[in-house]
Novice: 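So that we are looking at the same thing, I have put the structure below in structure tokens.
Below, chain A is the first sequence line, B the second, and so on; all start at residue 1.
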Protein chains: 2
Amino acid sequence: MSEIPTLPAAVLNALQQIVGDDKVRLDDESRSTFGKDWTKVYAPSPSAIVFPKTIEQVQAIVRLANEHHIALVPSGGRTGLSAGAVAANGEVVVAFDYMSQISDFDPVDRTVVCQAGVITEQLQIYAEEQGLYYPVDFASSGSSQIGGNISTNAGGIKVIKYGMTRDWVAGLKVVTGNGDIVDLNRGLMKNNAGYDLRQLFIGAEGTLGFVVEATMRLSRQPGNLTALVLGVPEFSAIMEVLNTFQAEMDLTAFEFFSEKALQKVVAHQDLQRPFETEAEFYALLEFENNNEETEALAMTLFERCMEEGWVLDGTMSQSIEQLNNLWRLREDISETISQWTPYKNDISTVISKIPDFLTEVEAVVNKEYPDFEIIWFGHIGDGNVHLNILKPDHVAKDVFFEQCHVVSTWVFEIVEKYRGSVSAEHGVGMTKKAFLPYSRSETEIALMKQVKQVFDPNGVMNPGKIFD
Amino acid sequence: MSEIPTLPAAVLNALQQIVGDDKVRLDDESRSTFGKDWTKVYAPSPSAIVFPKTIEQVQAIVRLANEHHIALVPSGGRTGLSAGAVAANGEVVVAFDYMSQISDFDPVDRTVVCQAGVITEQLQIYAEEQGLYYPVDFASSGSSQIGGNISTNAGGIKVIKYGMTRDWVAGLKVVTGNGDIVDLNRGLMKNNAGYDLRQLFIGAEGTLGFVVEATMRLSRQPGNLTALVLGVPEFSAIMEVLNTFQAEMDLTAFEFFSEKALQKVVAHQDLQRPFETEAEFYALLEFENNNEETEALAMTLFERCMEEGWVLDGTMSQSIEQLNNLWRLREDISETISQWTPYKNDISTVISKIPDFLTEVEAVVNKEYPDFEIIWFGHIGDGNVHLNILKPDHVAKDVFFEQCHVVSTWVFEIVEKYRGSVSAEHGVGMTKKAFLPYSRSETEIALMKQVKQVFDPNGVMNPGKIFD
């Protein structure tokens with residue numbers, strides 16, 4: 001850590017007045033920890049970390065920031081992958097770790113009130129204890145916080161059935177950049193009384209206001225989740241498999257990964273191949289196996305796909321242990337390949353264009369960098385693929401990242417051509433800011449900036465994120 | 001119709017240039033027809049009706065309106081119930097009847113592109129022809145248009161399973177009040193690249209821009225829909241029934257109506273009572289009866305409710321004809337009671353508060369107007385009830401409506417107390433504008449007005465709707 005950026009003494013005193021002396025930290029370790037997220041591109045350099053305990057304290061901090069033109073950065077579980085919660089320019093970090101209460105559960109409404117700092121897994125366990133289910137789930141559920149999930153509209157592995165975080169927010173309390181508290185939609189299922197401002201704050205990465213509390217919906221617990229892993233000879237067949245199953249069943253997940261990914265996972269984790277047959281790609285389907293007829297239907301559809309040649313082999317989980325092991329084939333990929341210092345990109349197109357999109361990205365990367373190994377996996381059921389390129393051993397890290405920066409531009413040009421998104425689920429933050437125009441028009445970006453002006457006229461809320 | 005409000009000759013000429021002479025109408029009949037919606041409170045008085053055929057023509061009209069400060073009112077199927085599409089002040093009506101093309105269906109993405117003027121039923125039939133399903137359905141589906149549905153975030157009878165119109169909009173083309181065309185979200189399922197401006201236009205009642213085209217999602221066709229009608233002795237038992245079923249089954253609908261409503265429907269329509277037992281209330285549940293186990297589960301839950309005393313009697317549909325007849329008991333209420341010139345109100349709270357809310361509204365109305373007959377029905381599964389008060393024969397129409405205006409204030413005070421919505425699914429338009437503060441804070445309304453400034457700086461888009 002470099003030296004502490006200057007914070008006027010009056011501001012520091014006022015912050016200590018608001019949250020208490022012990023809830024303002026200036027030490028190097030705190031500044032390093034709370035000044036960054038999982039992206040390691042920018043060096044953290046916050047001027048202070050404050051830990052409010054109440055909504056009113058957050059409001060007082062925002063009002064103070066407006067008076068003194070101090071930039072604020074919200075900090076949740078710090079698991080973001082786009083540097084949306086990084087304080088690299090002397091900002092004051094507002095960390096929600098002391099606002100982690102769950103309250104007001106109602107079994108009829110199936111809603112529960114969460115402070116911004118509630119951890120995703122905490123909510124999942126709470127829901128389970130009530131005999132219900134919080135379905136938004138992803139690798140970082142053990143650390144990510146609800147406020148951060150909402151601010152990035154987190155997605156994950158069950159989007160095909162349950163949607164994104166957006167779909168589970170029944171009410172939202174926000175402190176706007178003006179320092180106002182707004183209490184949006186208040187848990188209602190049906191409410192057409194004026195603009196749904198709640199939606200604006202979801203996915204706004206804290207640039208319009210800070211989410212301080214949310215009323216979250218819970219769902220019926222799914223019964224007997226069962227996974228099928230199918231070996232597929234070519235990418236276009238994955239689409240046929242998706243079509244075949246979706247026409248007759250409600251799937252809870254539809255993921256894919258490549259043989260290359262599978263080989264690495266099996267070599268480095270304590271896992272078996274799902275079956276001996278090698279296929280270029282694998283589809284992982286999950287469904288609620290609630291009765292024999294559903295299971296029989298799944299088998300019929302599997303056989304139909306085999307007859308058509310879309311599937312070469314397959315296996316179905318018969319226990320929770322088998323279910324978990326099949327899921328690990330997909331979920332352990334990220335951790336497994338991390339030793340190759342991979343370049344990662346999170347992109348989407350409409351589902352039908354994914355095969356052509358992948359082919360085109362592969363072609364350009366293979367042509368320019370034939371020694372780059374590409375690992376594909378992702379949430380194919382919702383058009384979201386994760387592109388991973390492994391660093392060849394003989395290439396130095398900095399050279400590799402420079403080359404990947406060039407690759408990024410090609411990838412985003414292809415994203416633009418296919419009218420896709422430069423950020424499917426990780427948000428824009430700082431790392432994708434320069435690439436936003438590949439997904440959003442000049443007019444849209446101008447409108448976003450004007451909307452920001454309405455909610456944050458002095459530009460104190462997470463400035464420099466999404467756009468400049 | 002009174003005399004035609006003055007439209008400057010230059011503007012009229014320019015409009016004729018844009019859409020063609022035959023697509024500008026000034027005659028009384030057109031002005032009367034296209035100047036209003038299903039609310040009959042305000043006398044229509046538009047200065048002209050224009051019928052654009054392309055997005056570019058809509059854009060040219062909006063630009064012209066900005067130049068000359070002409071107010072525009074969008075007109076879809078004109079089935080609105082809050083006067084959101086009424087032109088009462090010499091506005092130019094932009095009617096979307098000549099923009100009714102469906103195109104670009106994709107079976108993998110399960111999306112289809114609709115121009116704003118596509119009729120809901122047209123989309124439902126189109127979906128069916130593709131072996132798919134468009135699930136947003138309501139009484140006016142035969143006339144309402146997609147652009148209007150989106151602008152009012154239309155709900156209907158399947159919200160408990162399928163959500164509102166908002167949930168089916170994968171992409172939105174809008175001409176903003178600035179005259180810009182924005183192409184929002186472009187059909188993607190996952191897209192976290194900046195603010196989701198699409199959401200702002202959904203439910204904005206044309207006050208920020210006019211929806212000109214939408215990419216709509218379609219769903220798997222539900223299988224063997226089956227209805228249960230259950231007689232329930234008191235309102236609180238309806239909640240227990242809802243809980244019991246929702247904990248173990250996915251319902252596609254959960255409606256309710258009162259014995260009073262049932263008696264009127266049976267007396268005036270060609271319909272039988274569902275069973276002889278009289279109950280104070282009836283719940284109508286619908287589910288996909290895909291296999292014997294599901295049907296057996298429904299029967300088990302029904303028996304459990306009988307044992308608990310929450311249900312007095314019940315019947316289950318065994319054919320599509322029976323399904324339709326059970327639905328008519330609920331759906332024919334509106335038409336049946338129309339002969340009593342009913343006062344209507346469309347309100348919501350969170351589901352758990354509905355019983356207390358109903359009791360409180362009944363108490364105040366019965367106390368002040370003991371001869372008013374109250375008919376309740378609605379979408380109890382999503383907290384949305386429709387309050388209907390029948391005009392007593394001996395009370396004159398204008399006296400009745402004056403008294404009901406007083407009732408409205410009481411109802412909205414109770415809505416405010418229960419943190420509900422003054423408009424669950426019909427929007428605000430003009431009829432509920434004065435009551436918006438019962439559901440939205442001063443700060444929220446101020447923010448809405450500033451947001452409107454961003455998208456419609458000259459105030460030409462449906463002015464005087466939602467707020468002044």
Side-chain angles (χ1 to χ4, degrees), chain A residues 106-109 111 131 152-153 155 159 164 180 182-183 186-197 199-200 202-204 220 239 242-243 246-247 250 291 293 348 350-352 382-384 419-428 436 439-441 443-444 447-448 450-451 454-455 466, chain B residues 106-109 111 131 152-153 155 159 164 180 182-183 186-197 199-200 202-204 220 239 242-243 246-247 250 291 293 348 350-352 382-384 419-428 436 439-441 443-444 447-448 450-451 454-455 466:
Chain A
D106 189 291
V108 175
D109 299 321
T111 55
T152 56
N153 187 25
V159 171
M164 314 275 282
D180 292 319
V182 287
D183 185 4
R186 297 162 303 173
L188 299 170
M189 264 185 89
K190 256 179 163 174
N191 179 17
N192 281 344
Y195 308 158
D196 192 350
L197 299 177
Q199 306 289 349
L200 257 187
I202 300 172
R220 180 177 64 73
M239 313 316 275
L242 176 64
N243 258 357
Q246 264 200 323
D250 289 331
N291 50 55
E293 292 175 56
S348 69
V350 296
I351 306 167
S352 59
D382 52 41
N384 178 193
R419 295 168 48 82
S421 175
V422 296
S423 186
E425 58 176 357
H426 296 166
V428 177
L436 190 60
S439 274
R440 305 294 295 262
S441 70
T443 305
E444 284 179 73
L447 287 169
M448 284 193 244
Q450 286 177 269
V451 167
V454 168
F455 293 92
I466 305 181
Chain B
D106 188 292
V108 176
D109 299 322
T111 55
T152 57
N153 187 27
V159 171
M164 315 275 281
D180 291 319
V182 286
D183 185 4
R186 296 162 303 170
L188 299 171
M189 264 184 90
K190 255 180 165 174
N191 179 17
N192 281 345
Y195 308 158
D196 192 350
L197 299 177
Q199 307 289 348
L200 257 187
I202 299 171
R220 179 177 64 74
M239 312 317 273
L242 176 64
N243 258 356
Q246 264 201 322
D250 290 330
N291 50 55
E293 293 175 56
S348 68
V350 295
I351 305 167
S352 59
D382 52 42
N384 178 193
R419 295 167 50 81
S421 176
V422 295
S423 186
E425 59 176 358
H426 295 166
V428 178
L436 190 60
S439 275
R440 306 294 295 262
S441 70
T443 305
E444 285 179 73
L447 286 169
M448 285 193 243
Q450 286 177 268
V451 167
V454 169
F455 293 92
I466 305 180

Novice: Tell me, for B:Val454 versus chain A, whether the close heavy atoms (under 4.5 Å) come from the side chain, the backbone, both or neither.
Specialist: both

Novice: Report the option among B:Ser439, B:Pro107, B:Gly131, B:Gly203 that has the most heavy-atom pairs separated by less than 4.5 Å from atoms of chain A.
Specialist: B:Ser439

Novice: Is B:Met164 in contact with chain A via its backbone, its side chain, both, or neither, using a 4.5 Å heavy-atom distance?
Specialist: side chain

Novice: Is the shortest heavy-atom distance from the side chain of B:Phe455 to the side chain of B:Leu200 under 4.5 Å?
Specialist: yes

Novice: Do you know which of A:Gln450, A:His426, A:Met448 has the most heavy-atom pairs under 4.5 Å to chain B?
Specialist: A:Met448

Novice: A:Asp109: which residues meet the side-chain hydrogen bond (donor to acceptor under 3.5 Å, both in side chains) condition with it, sequence neighbours left out?
Specialist: B:Ser352

Novice: As an exercise: rank B:Ser423, B:Gly427, B:Ala247 by heavy-atom pairs under 4.5 Å with chain A and give me the winner.
Specialist: B:Ser423

Novice: Is chain A contacted by the side chain of B:Asn291, its backbone, both, or neither, given a heavy-atom distance below 4.5 Å?
Specialist: both

Novice: Would you mind telling me which of B:Glu444, B:Met239, B:Met189, B:Arg419 has the largest number of heavy-atom pairs within less than 4.5 Å of chain A?
Specialist: B:Arg419

Novice: Which residues pass the side-chain hydrogen bond (donor to acceptor under 3.5 Å, both in side chains) test with A:Ser421, not counting sequence neighbours?
Specialist: B:Asn191

Novice: Heavy atoms only, distances under 4.5 angstrom: which of B:Val428, B:Thr443, B:Leu197, B:Asp382 has the most pairs with chain A? Name it, please.
Specialist: B:Asp382

Novice: Side chain from CB out, backbone as N, CA, C, O: work out which of these in A:Leu188 comes under 4.5 Å of a heavy atom of chain B, or both, or neither.
Specialist: both

Novice: Which pair of non-hydrogen atoms, one from A:Ser348 and one from B:Lys190, has the smallest distance, and what is that distance?
Specialist: OG-O, 2.7 Å

Novice: Under a 4.5 Å heavy-atom cut-off, does chain A meet the side chain of B:Thr152, its backbone, both or neither?
Specialist: backbone

Novice: Just give me the residue among B:Asn243, B:Leu242, B:Ile202 that pairs up with chain A most often, heavy atom to heavy atom, under 4.5 Å.
Specialist: B:Asn243

Novice: Out of B:Leu447, B:Val182, B:Asp106, B:Val422, return the one with the most heavy atom pairs under 4.5 angstrom to chain A.
Specialist: B:Leu447

Novice: Any donor-acceptor pair under 3.5 Å linking the side chain of A:Thr111 with the backbone of A:Gly187?
Specialist: no

Novice: Relative to chain A, which segment of B:Asn153 carries a heavy atom at a distance below 4.5 Å: side chain, backbone, both, or neither?
Specialist: both

Novice: Please classify the contact of B:Ile466 with chain A as side chain, backbone, both or neither, using a heavy-atom distance under 4.5 Å.
Specialist: side chain

Novice: Do you know which of A:Asp180, A:Asp250, A:Val159, A:Leu436 has the most heavy-atom pairs under 4.5 Å to chain B?
Specialist: A:Asp250

Novice: When only pairs under 4.5 Å are counted, which of A:Ala204, A:Gly383, A:Ser441 shares the most heavy-atom pairs with chain B?
Specialist: A:Ala204

